[in-house]
Chemist: 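Got a structure for you, written out below as structure tokens; questions coming shortly.
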Protein chains: 2
Amino acid sequence: MTAVTLKDVAERAGVSIKTVSNVVRNAPRVSEATRKRVLKAVHELGYRPNPSARRLRTGHSGLIGLAVPDLATPYFAELAQHVRAEAAQLGLTVLIEETSGDATEELRLATGVGASLLDGVILSPLGVSPDELAAVASEFPLVLLGERSYERDQVGADHVLIDNVAAAREATAHLAGLGRTRIAAIGVDRQASATSRQRLEGFQLALHEAGVTYDPRLAPSIKEFDRRNGLLAMRALAALPVGVRPDAVFCFSDLLAVGAQRALFEAGSHIPDDVAVASIDGSDEALYSTPSLTSVVPDKAAIASLAVKCLAARIRSEVPLPFEVHTAPHWLRARESTNGGRQQLFR
Amino acid sequence: MTAVTLKDVAERAGVSIKTVSNVVRNAPRVSEATRKRVLKAVHELGYRPNPSARRLRTGHSGLIGLAVPDLATPYFAELAQHVRAEAAQLGLTVLIEETSGDATEELRLATGVGASLLDGVILSPLGVSPDELAAVASEFPLVLLGERSYERDQVGADHVLIDNVAAAREATAHLAGLGRTRIAAIGVDRQASATSRQRLEGFQLALHEAGVTYDPRLAPSIKEFDRRNGLLAMRALAALPVGVRPDAVFCFSDLLAVGAQRALFEAGSHIPDDVAVASIDGSDEALYSTPSLTSVVPDKAAIASLAVKCLAARIRSEVPLPFEVHTAPHWLRARESTNGGRQQLFR
DNA sequence: TCGATTGGTTCCAACGTTGTAACCGCGAAA
DNA sequence: TTTCGCGGTTACAACGTTGGAACCAATCGA
């Protein structure tokens with residue numbers, strides 16, 4: 001309540017307000033003697049700059065936003081941690097927001113809270129169209145994660161992503177490599193998000209390469225990328241007649257896979273003997289699941305690093321920078337849900 | 001960048017800046033005609049109030065902070081969602097911060113970012129002492145979740161919590177009710193956090209009531225409430241000689257239990273026949289785990305609701321309010337990890 | 001008719017900060 | 001001696017907003 005201001009510090013140190021401001025901002029042209037005196041007063045009074053005033057005056061607050069659809073999704077929670085760590089290194093504070101995948105909320109964040117409180121936003125869009133976001137990105141620092149549904153020459157914002165097609169292809173190829181021929185896909189979503197379509201593409205590509213024909217019955221539509229949808233989808237797949245029923249399933253996210261594993265457990269099916277399971281996300285939850293889940297692990301640290309650095313550069317820059325697309329690496333981690341057995345996680 | 005200000009709207013509507021301000025704030029004493037004209041201009045220009053300026057002038061920003069130790073912990077992620085939902089109903093925006101359980105970071109959040117950017121903070125402390133927080137709470141709206149290590153008459157801040165002793169007691173009693181006599185506890189932490197001590201107390205209480213003597217060898221110390229610590233602790237417990245080895249384990253968090261389940265899976269033990277497992281948190285991860293995990297479910301919606309309402313009241317109030325302690329309900333959900341069997345999660 | 005009241009609007013100052021320009025010594029160059 | 005440059009400091013204005021007081025009709029009661 002009783003906030004300490006520059007004025008209080010100035011009085012105590014016996015200098016002008018502006019000199020104190022110069023000291024706290026590490027501006028040049030301050031004698032060593034005054035600097036010491038001022039810092040002493042700052043410390044004694046416990047002065048902390050007021051971000052609102054600073055932002056109002058300079059247009060910069062040192063705050064960036066991270067907006068993800070759902071924090072309870074391990075992938076996003078883990079990503080958030082990496083983003084925080086990366087931002088801290090650049091002296092930036094991250095404020096995390098949750099959009100629930102709602103288009104209005106996503107736009108509000110970018111234009112509303114974002115534009116006048118935050119210096120920039122890293123957004124993982126789900127509901128909002130690229131066009132709308134491009135309009136925002138042209139006048140506010142915005143880096144998009146993942147979703148990129150348009151062509152390379154039409155980029156309207158910075159992007160950081162993994163090669164979704166390749167990732168899905170590797171996971172599916174791994175399943176096919178086990179000799180499985182009836183491979184299902186869980187994660188085709190109703191709204192046909194970019195991520196979902198790209199992963200389906202990689203899935204189909206791998207099937208084709210393995211000489212397996214794509215059976216639409218084995219690629220049911222889901223509503224959300226959560227455990228429940230994975231469970232229900234797998235339950236439906238397991239109820240298919242023998243001959244159609246899958247012997248492997250590629251899930252478009254770890255949560256879907258966890259749900260699928262649960263459905264198989266309930267049905268008394270053995271993983272991977274009856275059905276092998278693979279997914280994408282590489283979350284800790286997948287690692288500890290029983291059996292541990294084969295998953296494509298995106299380099300979250302790299303994604304976070306690229307996104308934060310890209311955003312910071314755009315914030316710093318006076319002139320409009322060309323939009324960039326960064327691709328982060330990923331690895332397939334084959335575990336018990338495809339290899340079988342029981343491994344000790346640590347040593 | 002080209003932010004629309006009150007001035008722009010005023011010019012367009014042909015009124016003074018202050019009148020526009022009155023309209024957007026829903027202040028009285030504005031004729032219906034002007035109000036309409038102004039709102040039209042607001043809409044046409046896409047005006048959005050500048051939170052920094054507003055905060056600077058009024059001291060209120062409509063923003064509250066939620067600071068939790070670790071977002072990748074399902075319990076906190078789910079709690080965050082409830083807090084967001086509750087705050088939205090009161091017209092408040094929630095900014096989520098992660099403290100990593102670091103005392104300095106926790107204090108920084110409450111006094112630093114908090115005091116000059118946010119109207120108030122809901123904090124789930126882990127590393128910082130109640131005394132330090134009480135000092136902050138006396139001059140800045142602060143609601144604490146969970147931790148309350150001092151006596152009822154010494155409360156120095158608002159608190160929202162569940163009855164940890166009772167919750168631990170119920171879970172342990174449930175295990176004892178299965179006829180288990182060698183019941184272990186995983187979650188006694190090195191720093192002896194309040195939560196950990198209260199749950200240990202409830203655990204011992206239930207043992208006593210069941211006529212089982214407490215064996216310190218079955219209550220190993222851990223460093224963090226994560227999956228890895230649960231795995232390592234359970235692995236060590238399972239390696240104890242026959243006769244000492246536990247036939248049940250109560251974990252102080254779902255993540256610990258997930259780790260413990262993994263250890264039992266690796267060791268080839270059957271849950272619950274060989275070892276029954278129960279925990280506290282009631283996260284979705286526990287529900288979907290195989291076998292599904294018996295857990296004490298705190299009413300997260302109630303916790304969030306109480307915390308947000310309490311904080312909002314303190315923010316609104318001009319005069320210092322007496323500190324309150326709210327207790328939210330909890331329920332034991334017995335599932336496969338103690339009851340055995342295979343149940344279908346939905347219908 | 002006049003003063004008082006009321007509804008509606010405007011003017012002014014201030015929140016805490018920083019950019020710009022101005023100021024003031026002092027030593028060096030002319 | 002004067003002038004210039006420069007390190008170090010200060011005064012002032014402004015960012016967008018809102019609280020308070022002032023202002024200006026118009027209506028009302030006496």
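Chain identifiers are assigned alphabetically (A, B, ...) following the order of the sequence lines, protein sequences preceding nucleic acid strands; residue numbering begins at 1 within each chain.
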Chemist: Using the side chain to side chain contact (heavy atoms under 4.5 Å, CB included) rule, take B:Glu86 and B:Lys309 through it: C-alpha gap first, then chi angles, then the decisive distance, then the call.
Modeler: CA-CA 8 Å; B:Glu86 189 65 32; B:Lys309 280 181 183 142; 3.6 Å; yes

Chemist: Tell me if a side-chain donor or acceptor on B:Asp119 pairs with a main-chain N or O of B:Ser61 at a distance below 3.5 Å.
Modeler: yes

Chemist: Return whichever of B:Val30 or A:Leu56 has its heavy-atom-nearest nucleotide of DNA chain C closer to the 5' end.
Modeler: B:Val30

Chemist: Under a 3.5 Å cutoff, is there a donor and acceptor pairing between the side chains of B:Ser31 and B:Arg35?
Modeler: no

Chemist: If every non-hydrogen atom of B:Arg55 is compared with every non-hydrogen atom of A:Ser52, which pair is closest and at what distance?
Modeler: CG-OG, 3.0 Å

Chemist: Taking side chain as C-beta onward, heavy atoms only, is A:Leu71 less than 4.5 Å from A:Ile96?
Modeler: yes

Chemist: Taking only residues two or more places apart in sequence, or in another chain, which ones meet B:Asp226 in a side-chain contact (heavy atoms from CB on, under 4.5 Å)?
Modeler: B:Glu224, B:Arg228, B:Asn229

Chemist: For A:Asn22 and A:Thr19, does a side-chain donor sit closer than 3.5 Å to a side-chain acceptor?
Modeler: no

Chemist: Between A:Arg84 (side chain) and B:Glu98 (backbone), is there a donor-acceptor pair under 3.5 Å?
Modeler: yes

Chemist: Just how far, in rounded Å, is C1' of D:dT17 from CG of A:Asn50?
Modeler: 14 Å

Chemist: From the 5' end of DNA chain C to its 3' end, which nucleotides mark the outer limits of contact with chain A, defined by a 4.0 Å heavy-atom distance cut-off (strictly under)?
Modeler: C:dG16 to C:dT20

Chemist: Give, ordered by number, those residues of residues 32-44 of chain A having at least one heavy-atom distance below 4.0 Å to an atom of DNA chain C; if nothing qualifies, reply none.
Modeler: none

Chemist: Against B:Ile122, only a single residue in B:Leu142, B:Leu145, B:Val160 fulfils side chain to side chain contact (heavy atoms under 4.5 Å, CB included); can you say which?
Modeler: B:Leu145

Chemist: Heavy-atom contacts under 4.0 Å between residues 10-25 of chain A and DNA chain C, which residues?
Modeler: A:Ile17, A:Lys18, A:Ser21, A:Arg25

Chemist: Taking A:Lys7's backbone N and O only, do any of them form a donor-acceptor pair with A:Thr5's side chain (distance below 3.5 Å, no angle check)?
Modeler: yes

Chemist: With sequence neighbours excluded, tell me which residues meet side chain to side chain donor-acceptor pair (under 3.5 Å) with A:Lys36.
Modeler: none

Chemist: If the helix axis at each end comes from five base pairs, how far does the helix from C:dT1-D:dA30 to C:dA30-D:dT1 deviate from straight, to 10°?
Modeler: 60°

Chemist: Given side chain to side chain contact (heavy atoms under 4.5 Å, CB included), test B:Tyr47 with B:Val24 step by step and report yes or no.
Modeler: CA-CA 10 Å; B:Tyr47 168 76; B:Val24 301; 4.1 Å; yes

Chemist: Using only atom types and a distance under 3.5 Å, with no angle test, would you say the side chain of A:Arg25 pairs donor to acceptor with the backbone of A:Ser21?
Modeler: yes

